[in-house]
Amino acid sequence: MAAHRKSAHRKPKQRPFTGPAARTAATLALAGAATATSATGAGAAPAEPAPTAAQVRAKVDRLYHDAEVATEKYNGAKEKEAAATQAVDALADEAARRTDRLNTARHTLGSMATAQYRTGAIDPAVQLALSSDPDSYLERAAHLDRAGDRQASLLSNIRRQLSGIARVKARADQETEALAARRAELDQHRTAIRTKLADARTLLATLTAAERAAYERAADAAHGGSPATSADGSTARSERAGTGAHADRSAPRASVAAPNSRAARAVSFAHGAIGKPYVWGATGPNAFDCSGLTQAAWKAAGVSLPRTTYTQINAGQRVSRSELAPGDLVFFYSGISHVGLYIGGGQMIHAPRPGAPVRIAPVSQMPFAGATRVA
């Protein structure tokens, strides 16, 4: 009896889960553990700190530089695209002219064949026998022989025309493929420029008004200060050669005379562009990028320069920094991605970047890469 009561109060033995029940229990246990870990870890990982104003400025400067590199590549691709377009158009015109000549030759040949069909039904020997005037017939026969020679010549000409048209069409197909590749390259560089400039604007928007003003002042200093007064009299300033002071547009334009009249005209044009905005891909007259400005300045002097910085550096005689004279092209960065027009006194006129108009700047403000004397 006592044994019975003892067994009645004994706790029932726990039976382990097996099969599906065991898997369900394990899943619930793991989920609970994950939830607990998530709950205890939430907020434990420190948030990534926002970039400092100095870091933002450095990133923006890098984006502007990369955009300028992409701009010069865009300018080169645009020049090649224009050449490819011109080649395709020229080949289309040539093919049309050749087709017109072919059609004329075919028409002439058809007329001759029709005439021969009408008169050639009787054998020539029979025509001679029946002719009342053999001498007249022989004269006509000689004309027919010459006509036959002319027909053979026409046939040969037609064969040449067909072969020529086939070659022109093959070249046109190649140029059309090249044009498509150039346009794709153009779109790629255009997208890269727009993306980098948009990223720069986004980063600048994270700065406070005071931080952004400080960045603009620092950028102006890095590119030569504020622009000198423009040709229309709008307010601007430029740094005098060798001093930290500023001068207005009425000050002497350069301390060194240009070596020749063409260089003087190029420098004069660049002075007239001071204050005009930087726009990537622009060659004037109302906006410029860096190589667009130098190209336009020398075009005003009657000299044709190539479009890009990396081709302009090979457009004349290389000169050392110590030999610089007004009108020389001065290049910067290892990739030859920026160019300005030297005006003497250690200064140049250049189109710096978006938001910074054409201005005078010290040559020493950027990493010097080389110089070229155009004329």
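Here the structure is a predicted model, which means the values were calculated and not measured.
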Taking the side chain as every heavy atom from C-beta outward, state whether Phe332 and Val363 have any atom pair closer than 4.5 Å.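 Answer yes - side chains close enough.
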Please lay out, stage by stage, how Arg182 and Glu185 fare under the test salt bridge (charged side-chain N to carboxylate O under 4.0 Å, His left out). CA-CA 5 Å; Arg182 298 304 183 197; Glu185 183 183 3; 3.6 Å; yes
Are His338 and Glu68 packed together at the side-chain level, in the sense that at least one heavy-atom pair is separated by less than 4.5 angstrom?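 Result yes, sub-4.5 Å side-chain heavy-atom pair found.
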Between Glu79 and Thr308, do the side chains contain an N or O donor and an N or O acceptor separated by less than 3.5 Å?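 Thr308 and Glu79 do not have a side-chain donor-acceptor pair below 3.5 Å.
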Inspect the contact between Glu323 and Arg373 and indicate whether a charged nitrogen and a carboxylate oxygen are less than 4.0 angstrom apart.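 Salt bridge between Arg373 and Glu323, a charged N being under 4.0 Å from a carboxylate O: no.
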Gln295 side chain reached by Phe288 side chain, heavy atoms, under 4.5 Å: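 Not touching, per the 4.5 Å side-chain cut-off.
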Answer yes or no: is there a donor N or O on one side and an acceptor on the other, between the side chain of Arg318 and the main chain of Ile313, under 3.5 Å?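 Checked: pair present.
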Can you see which heavy atom on Met348 is nearest to which on Pro362, and at what distance?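 It is CE-O, 4.1 Å.
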Does any donor atom in the side chain of Glu72 or Ser291 lie under 3.5 Å from an acceptor atom in the other side chain?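 Result is yes, a qualifying pair exists.
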Check this for me: does any side-chain nitrogen of one of Arg190 and Asp187 sit under 4.0 Å from a carboxylate oxygen of the other?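 The answer is yes: the pair qualifies as a salt bridge.
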Any donor-acceptor pair under 3.5 Å linking the side chain of Glu175 with the backbone of Ala84?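 Not a single qualifying donor-acceptor pair exists.
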Using links of under 4.5 Å between side-chain heavy atoms of ILVMFWY residues, direct or through other members, which residues join Tyr64 in one cluster?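 Under the 4.5 Å side-chain rule, Tyr64 groups with Val56, Val60, Leu63, Tyr74, Leu186, Ile193, Leu197, Leu203, Leu204, Leu207, Tyr215, Tyr278, Trp280.
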Return the minimal non-hydrogen interatomic distance between Ile349 and Ile360, and the atom names on each side.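 For Ile349 and Ile360, the tightest heavy-atom pair comes out as CG1-CG1, 3.8 Å.
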Check ring-ring contact (aromatic ring centres under 6.0 Å, His included) between His65 and all other residues, then give those that pass, not counting sequence neighbours.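 Result, ring-ring contact (aromatic ring centres under 6.0 Å, His included) vs His65: Tyr333.
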Cluster question for you: counting only ILVMFWY and a side-chain heavy-atom cut-off of under 4.5 Å, with indirect links fine, are Leu91 and Ile165 together?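 The answer is no; the residues belong to distinct hydrophobic clusters.
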For a quick test of reading the model, state the closest non-hydrogen atom pair linking Pro306 to Ala315 and the distance between them.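 Closest heavy-atom pair between Pro306 and Ala315: CD-CB, 3.8 Å.
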Under 3.5 Å donor-acceptor, Asn314 side chain and Thr311 backbone: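 Judged by distance alone, no pair lies under 3.5 Å.
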Grab the two heavy atoms, one from Pro277 and one from Asn286, that are nearest each other, plus how far apart they are.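 Closest pair (atom of Pro277, atom of Asn286, distance): CD-O, 3.3 Å.
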Can Val69 be reached from Met366 by stepping across I, L, V, M, F, W or Y side chains whose heavy atoms are under 4.5 Å apart?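 Different clusters.
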Any chance you could lay out the salt bridge (charged side-chain N to carboxylate O under 4.0 Å, His left out) test for Asp66 and Arg62, step after step, and finish with the verdict? CA-CA 6 Å; Asp66 290 347; Arg62 183 63 188 173; 3.3 Å; yes
Could you measure the distance from the CD atom of Gln174 to the OG1 atom of Thr176? Nearest 0.5 Å is fine.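 Interatomic distance, Gln174 CD to Thr176 OG1, rounded to 0.5 Å: 10.0 Å.
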Is the backbone N or O of Thr52 less than 3.5 Å from a side-chain atom of Gln55, with the two atoms forming a donor-acceptor pair by type?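 Flag set: sc Gln55 to bb Thr52 pair under 3.5 Å.
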To check you understand the geometry: which heavy-atom pair defines the closest contact between Ala70 and Ala192, and what is its length?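 The pair with the smallest heavy-atom distance is CB-CB, 4.3 Å.
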Rounded distance [0.5 Å steps], OG1 in Thr294 versus CG in Leu305: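 Rounded to the nearest 0.5 Å, the OG1-CG separation comes to 6.5 Å.
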Worked check of side chain to side chain contact (heavy atoms under 4.5 Å, CB included) between Leu293 and Leu341: CA-CA 8 Å; Leu293 174 63; Leu341 188 77; 6.0 Å; no
Given the rule that I, L, V, M, F, W and Y join up when any side-chain heavy atoms are under 4.5 Å apart, are Val339 and Val279 in one cluster?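 Per the 4.5 Å side-chain linkage, Val339 and Val279 are not co-clustered.
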So, do His271 and Ile343 sit near enough that their side-chain heavy atoms are less than 4.5 Å apart?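 His271 vs Ile343: side chains touch.
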Counting heavy atoms not belonging to Glu216, are there more than 12 under 6.0 Å from its CD?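 Counting neighbours around CD of Glu216, more than 12 heavy atoms of other residues, nucleotides or ligands fall under 6.0 Å, so yes.
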Salt bridge (charged side-chain N to carboxylate O under 4.0 Å, His left out) for Arg321 and Asp328? Distances and angles first, verdict last. CA-CA 10 Å; Arg321 189 166 180 173; Asp328 289 347; over 6 Å; no
Quick one, Val330 and His350 - any side-chain contact, counting heavy atoms below 4.5 Å?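 Side-chain contact under 4.5 Å: no.
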Ala205 to Arg212 - nearest heavy-atom pair and separation: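 Shortest heavy-atom contact: N-NH1, 4.4 Å.
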Would a hydrophobic clustering, with Ile, Leu, Val, Met, Phe, Trp and Tyr connected at side-chain separations under 4.5 Å, put Val168 with Leu179?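 No.
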Do Val319 and Tyr342 sit in one hydrophobic cluster, given that two such residues count as connected whenever their side-chain heavy atoms are within less than 4.5 Å of each other, even indirectly?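 Yes, it is one cluster - the side chains of Val319 and Tyr342 are joined through contacts under 4.5 Å.
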For a 4.5 angstrom cut-off between non-hydrogen side-chain atoms, does Arg307 reach Lys78?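 The answer is no, as the side chains (C-beta and beyond) never meet within the 4.5 Å cut-off.
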Distance from Glu94 atom CD to Thr99 atom OG1, nearest 0.5 Å?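 Answer rounded to 0.5 Å: 10.0 Å.
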SB check Asp61 Arg57 (cutoff 4.0 Å):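 Salt bridge between Asp61 and Arg57, a charged N being under 4.0 Å from a carboxylate O: no.
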Side chains of Phe269 and Lys299: does their closest heavy-atom pair fall under 4.5 Å?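 Result no, sub-4.5 Å side-chain heavy-atom pair not found.
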